[in-house]
Amino acid sequence: MITRKRLATGACALLAALSVALLPTGATADAPVAKESPKVELVLDVSGSMRAKDIDGKSRMAAAKQAFNEVLDAVPSEVQLGIRTLGADYPGPDRKRGCKDTRQLYPVGPLDRTEAKTAVATLAPTGWTPIGPALLGAAEDLEGGEATRRIVLITDGEDTCAPLDPCQVAREIAAKGIHLVIDTLGLVPDAKTRQQLTCIAEATGGTYTSVHRTEDLSRRVRQLVDRAADPVVTPVATVGTQRCADAPQLKPGLYTDREAFGQHRWYRVDLLPGQELRASVSVSADRAVNNDYGVLLRAVTRHGREIVRGSEAGDGRTDVVSTGLRYPKPELDDEPEDGKPAAETVCLQISNSFSAPPSVKTTPGMPIELTVDVVDGPSTASDVASFGLGRGWWLLGALVLVGFVAGLLWGWLSRWRFAVWRTH
């Protein structure tokens with residue numbers, strides 16, 4: 001019997017193989033074309049200031065090398081990665097030579113982890129900080145094809161090679177329309193460095209992050225490399241208001257804005273019956289702030305009644321604090337006569353409790369990133385959201401009923417056992 005089943009299985013497999021082989025070539029012509037591998041180039045500042053020992057008790061260069069080794073171990077196999085340096089070779093005072101000191105340390109392509117780590121290990125803090133020329137070189141390194149392209153710039157200081165303004169260089173790169181994003185990370189940055197790196201990132205739709213610990217640097221670079229492998233939508237700049245009535249109307253997507261210390265920003269989202277609103281917000285502390293802070297995201301009605309909220313607090317150990325919320329709007333019991341249910345306007349309020357020493361500038365506000373998504377609401381108990389009391393009190397009632405029945409059964413069994421014991 002077993003032999004017959006095996007013969008039948010083999011015959012079916014052979015028939016399937018022959019069927020595929022006999023398919024016309026046009027049937028495979030419509031197969032999806034393989035997607036190009038994303039390209040990422042890490043641009044590392046190796047200027048003399050990287051000798052400073054103010055990151056976890058070691059030099060900035062040592063922290064960068066450690067972070068690079070951890071990142072290289074975690075790079076997804078589909079990512080083509082390259083490394084470029086700035087200020088790594090010329091230690092002299094000649095400004096003209098120092099401002100040309102940028103080279104590709106490891107070519108963009110399939111990653112040989114051992115070779116890349118060996119190349120990084122040879123670096124030592126040396127010269128100038130030609131950020132503008134390094135960005136131009138990195139853009140050339142990533143040319144060709146239609147793959148996702150991303151530059152991750154890690155530096156501890158502002159450019160020292162003006163008048164080639166790196167912010168203007170980033171704007172020119174963005175103007176080419178090649179969809180190249182530049183993310184910047186500042187190692188223990190001062191105000192001028194923070195301002196310049198923020199400008200570079202915003203010019204191309206990238207992000208800026210202030211880094212004070214090796215762990216944060218490693219984690220953030222890994223996140224950015226992973227984002228290239230699984231690209232997200234480019235953030236859209238928006239401006240929140242001081243009240244919901246004047247707030248911008250947002251559709252599902254990713255948005256960026258700025259918020260001052262202790263400020264409230266309002267946005268609006270339309271939600272139809274049977275849909276669920278999912279929103280999250282991240283606020284970046286891009287400057288020195290006091291410990292103990294938090295962020296609050298609220299969904300309220302146009303009349304000010306709170307629907308749901310999400311909050312998160314920090315104690316100075318992270319530069320980004322995030323929170324989110326979910327709001328499922330129940331479906332209507334009766335279908336409208338015209339068949340078109342009215343949308344509910346949900347007001348989203350973002351608040352923060354950041355504060356800073358008097359010497360820290362409060363303008364511009366801190367960068368915030370708001371994600372808005374509208375999906376079909378939960379309709380079955382398998383969805384976690386449908387287990388909340390937001391869908392009604394049925395779950396609480398069911399638990400009470402089950403407890404009541406269990407109590408009756410237990411009492412009846414106890415009395416029966418006691419009666420049997422007395423009888424015998």
Side-chain angles (χ1 to χ4, degrees), residues 34-44 63-84 105-117 119-120 135 138-139 141-142 145-155 178-187 197 200-202 204-236 252-256 278 280-286 312 317-324 367-373:
K35 187 179 179 180
E36 288 189 50
S37 297
K39 297 179 180 179
V40 180
E41 182 144 88
L42 307 179
V43 180
L44 178 61
K65 287 183 177 182
Q66 179 181 331
F68 263 55
N69 286 337
E70 295 174 1
V71 169
L72 292 174
D73 284 334
V75 172
S77 58
E78 66 270 25
V79 173
Q80 298 186 62
L81 187 108
I83 303 173
R84 174 172 282 274
L105 183 70
Y106 186 84
V108 178
L111 180 63
D112 184 321
R113 303 179 198 278
T114 302
E115 184 178 343
K117 288 182 180 181
V120 171
L135 293 178
D141 297 339
L142 297 171
E146 298 296 328
T148 301
R149 282 166 281 191
R150 185 177 294 270
I151 295 173
V152 181
L153 170 65
I154 302 102
T155 180
I178 57 177
H179 306 295
L180 194 159
V181 176
I182 303 175
D183 297 292
T184 59
L185 291 90
L187 305 182
L197 295 181
I200 293 171
E202 290 183 344
T204 61
T207 60
Y208 163 72
T209 305
S210 173
V211 177
H212 297 267
R213 288 175 293 275
T214 307
E215 180 184 356
D216 294 340
L217 176 60
S218 175
R219 181 176 63 250
R220 184 56 176 161
V221 176
R222 285 202 306 269
Q223 289 174 346
L224 295 173
V225 173
D226 290 342
R227 181 173 292 186
D230 186 16
V232 298
V233 64
T234 302
V236 176
L254 183 64
Y255 299 89
T256 59
R278 299 179 181 180
S280 63
V281 64
S282 298
V283 181
S284 301
D286 61 347
E312 187 59 63
R317 298 179 60 85
T318 179
D319 296 316
V320 178
V321 58
S322 306
T323 188
I368 64 176
E369 189 172 83
L370 173 63
T371 303
V372 175
D373 197 10

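As the structure is a computational prediction, the values presented were derived from the model and not from experiment.
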_Heavy-atom closest pair, residues V75 and R113_ = O-NH2, 3.2 Å

*T184 and A201: which non-hydrogen atoms are nearest, and at how many Å?*
OG1-CB, 3.8 Å

*Inter-residue atom distance T209.OG1 - L187.CG, 0.5 Å rounding*: 11.0 Å

*asked:* With a 3.5 Å distance limit and no angle check, can you tell me whether S37 reaches the backbone of E78 through a side-chain donor-acceptor pair?
replied: yes

*Beyond-backbone contact of D112 with Y106, side-chain heavy atoms, under 4.5 angstrom*: yes

*Sequence neighbours left out, what passes side chain to side chain contact (heavy atoms under 4.5 Å, CB included) with A138? Give chain and number order.*
E41, V43, R84, I151

*Could you grab the distance from atom CD1 of I83 to atom CG of L42, nearest 0.5 Å is fine?*
6.0 Å

*Among L224, V221, L217, find the one that has a side chain to side chain contact (heavy atoms under 4.5 Å, CB included) with V71.*
V221

*Kindly compute the distance separating CZ (R149) from CG (D141), expressed to the nearest 0.5 Å.*
12.0 Å

*Just how far is it from atom CD of E369 to atom OG of S284, taken to the nearest 0.5 Å?*
7.5 Å

*Under 3.5 Å, side chain of R222 to main-chain N/O of E70, donor-acceptor pair present?*
no

*Side chain to side chain, V79 and L111, heavy atoms closer than 4.5 Å*: no

*For L185, which of V152, T155, L197 qualifies under side chain to side chain contact (heavy atoms under 4.5 Å, CB included)?*
V152

*Check for a donor-acceptor pair, side chain of D183 on one end and backbone N or O of T207 on the other, with a separation under 3.5 Å.*
yes

*What distance separates S280 OG from L370 CG, expressed to the nearest 0.5 Å?*
7.0 Å

*Side-chain contact, heavy-atom cut-off 4.5 Å: D226 with P76?*
yes

*Is there a donor-acceptor pair closer than 3.5 Å between any side-chain N or O of T204 and the backbone N or O of I182?*
yes

*asked:* Once side chain to side chain contact (heavy atoms under 4.5 Å, CB included) is applied, do any residues pair with T214, and if so which ones, sequence neighbours excluded?
replied: I55, D56, K58, A63, Q66

*asked:* Nearest 0.5 angstrom please: R220 CZ to R213 CZ, how far?
replied: 14.5 Å

